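Sharing a structure with you now.
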Protein chains: 2
Amino acid sequence: MESCENRNKVGGYRVDHARTLTQVSEVALGIRQERKRRTRQALLDAALRLLDRSSLAGLSLREVTREVGIVPTAFYRHFASMDELGVALVEESMRTLRDMLRDARRTRVDDAIRGSVRIIAEQVLAHENHFRFLIRERHGGVPDVRRAIATELRFIGSELATDLARFPGLSAWDTEDLRMVADLMVSAMLGIVTALLDRPRDPDHVAEATRVGERQLRIIALGTAHWRSPR
Amino acid sequence: MESCENRNKVGGYRVDHARTLTQVSEVALGIRQERKRRTRQALLDAALRLLDRSSLAGLSLREVTREVGIVPTAFYRHFASMDELGVALVEESMRTLRDMLRDARRTRVDDAIRGSVRIIAEQVLAHENHFRFLIRERHGGVPDVRRAIATELRFIGSELATDLARFPGLSAWDTEDLRMVADLMVSAMLGIVTALLDRPRDPDHVAEATRVGERQLRIIALGTAHWRSPR
DNA sequence: CTTTTCAGTGTACGCACGTTCACTATGGCC
DNA sequence: GGCCATAGTGAACGTGCGTACACTGAAAAG
């Protein structure tokens, strides 16, 4: 019970801001705001790390603060609840996903599929935690988070549909059918991401999943090219 | 605090077996075993009902027993833990899914797609809880449950692949490509189920999801028909 | 230099949880 | 008819949780 003070504190703070601060040139924000931002980010990172093993509903506020090294009550300086942190995590993860799609959209048209799948594989490996979080919480136990993900996914579908409309053979298609194909492609991509996430450390598995995913999208493209909508 | 005894008990038991028992002709099992089976099933049903709102990881043993009307400790007469109940729930739900696929397999070949999608819609509406459970826990927080679902899904994929092999145009295909198409179809079906589960009480939404799902599978079939595997 | 603001501290609370244990009463069996 | 076996009981425990509250000390504002 005794002698447990200043274990790993630095000037009364367990989180060591002093060192990292000086080497950063984000002078625009005051020292104070910058520190707050860093702690907030540390909470998000810690949560994402812990979410590798459990789900958001099974993750406690105390676990997250413990991981960061702050006292539980300090959590409320940044989020009103774990659910709110979850929604923030959706935003962060979705930024990753959107960046990925922006990259994919820039690939050359003559082999858009191969390029897209390659980029998916790269990004999933580089941001495994973000994708695992999205896939898991998409149908998870927190309604707000579920809604946020569903909304983003729907948006991605409609963006893809307008992209498809620019292809020569598809310019005459009606909106509904474009959307139908776009949603199918999203389903397939989610399947590919799931397969990649299954064993992301095994290069053989990743290569195989990439190969298969590429062919699956090709099947869809081929089917689309031969499609004639029933009246 | 006082006078709270025998509220809804029957002969010392809160669960009323006596009435329901007589009208059942499962005489093969003794009264005792039959009662145990019923309570076990009541636990599974209660869990499935509660899982509509939360996820398995966020569901407590006490909640489930409260719902059934037995004392928490009695839970252990049936399952060693909530995780074990989860695995039992996977088995039950998978039986539903397998029945669905068996039905789908029996439909006439000339319009297998329309028939299959209709059966999917029917079954998802009839056993909403089972499908919601599977979709949710597929990527959920309980490893044992995740594994059980992944295994079953893989099995379904390989069964579908052997079914495909019987189609005239596909008899020459190699196993790997058949599997690739089968997995794509599974991805699409999961997407359809997800869409149906989104607003299962809205008949318009269900009809629309069915229509779209049918077309998506048709796109895949069309793509498959025109596919020529790269060397 | 003084005052204000506020991110993080530390204690304390009430609550729900999983699990233990000794128990009770009923169905099954000789 | 009497003796097991066992499904369900009820009290009790230790633990971890979310949250309230008064606090501290350094950055920001004056």
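Chain letters run A, B, ... following the sequence lines, proteins first, then strands; residues in each count from 1. Treat the numbers as computed from the prediction; the structure is a model and nothing was measured.
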Exercise for the section: May I ask you to test the A:I120-A:T210 pair for a side-chain heavy-atom distance under 4.5 Å? Expected result: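 Side-chain contact under 4.5 Å: no.
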Handout entry: Side-chain (B:H139) to main-chain (A:L134) donor-acceptor, under 3.5 angstrom
Key = no
Exercise for the section: Between A:A74 and B:Q33, just flag the one whose closest nucleotide in DNA chain C comes earlier from the 5' side. Expected result: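 Going by which nucleotide is closer to the 5' end, it is A:A74.
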Problem - Heavy-atom side-chain contact between B:E152 and B:E91 under 4.5 Å - result: no
Handout entry: Where protein sits on nucleotides 12-20 of chain D, one letter per nucleotide: B base, S sugar-phosphate only, - none, heavy atoms under 4.0 Å
Key = -----BBBB
Practice task
Could you tell me the separation between the CZ atom of B:R40 and the P atom of D:dT6, rounded to a whole number of Å?
Solution key: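 Nearest whole value for this atom pair: 17 Å.
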Handout entry: Length of the line joining A:I31:CD1 and C:dA7:C1', which is rounded to integer Å
Key =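 The distance from CD1 of A:I31 to C1' of C:dA7 comes to 14 Å, rounded to the nearest Å.
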Exercise for the section: Measure from the side-chain N and O atoms of B:S93 to the backbone N and O of B:V90, and report whether any donor-acceptor pair falls under 3.5 Å. Expected result: no
Practice task
Kindly indicate whether the side chain of B:R138, heavy atoms from C-beta on, has any atom under 4.5 Å from the side chain of B:L153.
Solution key: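 They are in side-chain contact.
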Exercise for the section: Would you kindly give the CZ-to-C1' distance between A:R37 and D:dA27, to the nearest whole Å? Expected result: 17 Å
Problem - Rounded distance (Å) that lies between atom P of C:dT9 and atom CZ of A:R35 - result: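 The answer, rounded to whole Å, is 12 Å.
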Practice task
Report the residue from B:R62, B:R49, B:R53 that forms a salt bridge (Lys or Arg N to Asp or Glu O under 4.0 Å) with B:E67.
Solution key: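 Filter result, single survivor: B:R49.
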Exercise for the section: Rounded to the nearest angstrom, tell me the gap between atom CZ in B:R38 and atom C1' in D:dG8. Expected result: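 From B:R38 CZ to D:dG8 C1': 17 Å.
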Handout entry: Length of the line joining A:F75:CZ and C:dG8:P, which is rounded to integer Å
Key =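 Distance, rounded to whole Å: 12 Å.
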Between the protein and nucleotides 2-6 of chain C, list the N/O to N/O atom pairs that are separated by less than 3.5 angstrom.
{"residue": "C:dT5", "atom": "O2", "partner": "A:R32", "partner atom": "NH1", "Å": "3.0"}
{"residue": "C:dT5", "atom": "O2", "partner": "A:R32", "partner atom": "NH2", "Å": "3.2"}
{"residue": "C:dC6", "atom": "O4'", "partner": "A:R32", "partner atom": "NH2", "Å": "2.6"}
{"residue": "C:dC6", "atom": "O2", "partner": "A:R32", "partner atom": "NH2", "Å": "2.6"}

Exercise for the section: Would you check if A:R201 and A:E128 make a side-chain contact, meaning some heavy-atom pair closer than 4.5 Å? Expected result: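 In short, these two side chains touch, coming nearer than 4.5 Å.
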Practice task
Can you tell me the distance, in whole Å, between the CD atom of B:E34 and the P atom of C:dT26?
Solution key: 19 Å
Handout entry: Any donor-acceptor pair under 3.5 Å from A:E137 side chain to A:L56 backbone
Key = yes
Exercise for the section: Would you indicate whether the side-chain heavy atoms of B:F79 and B:R40 approach each other to under 4.5 Å? Expected result: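 Touching, per the 4.5 Å side-chain cut-off.
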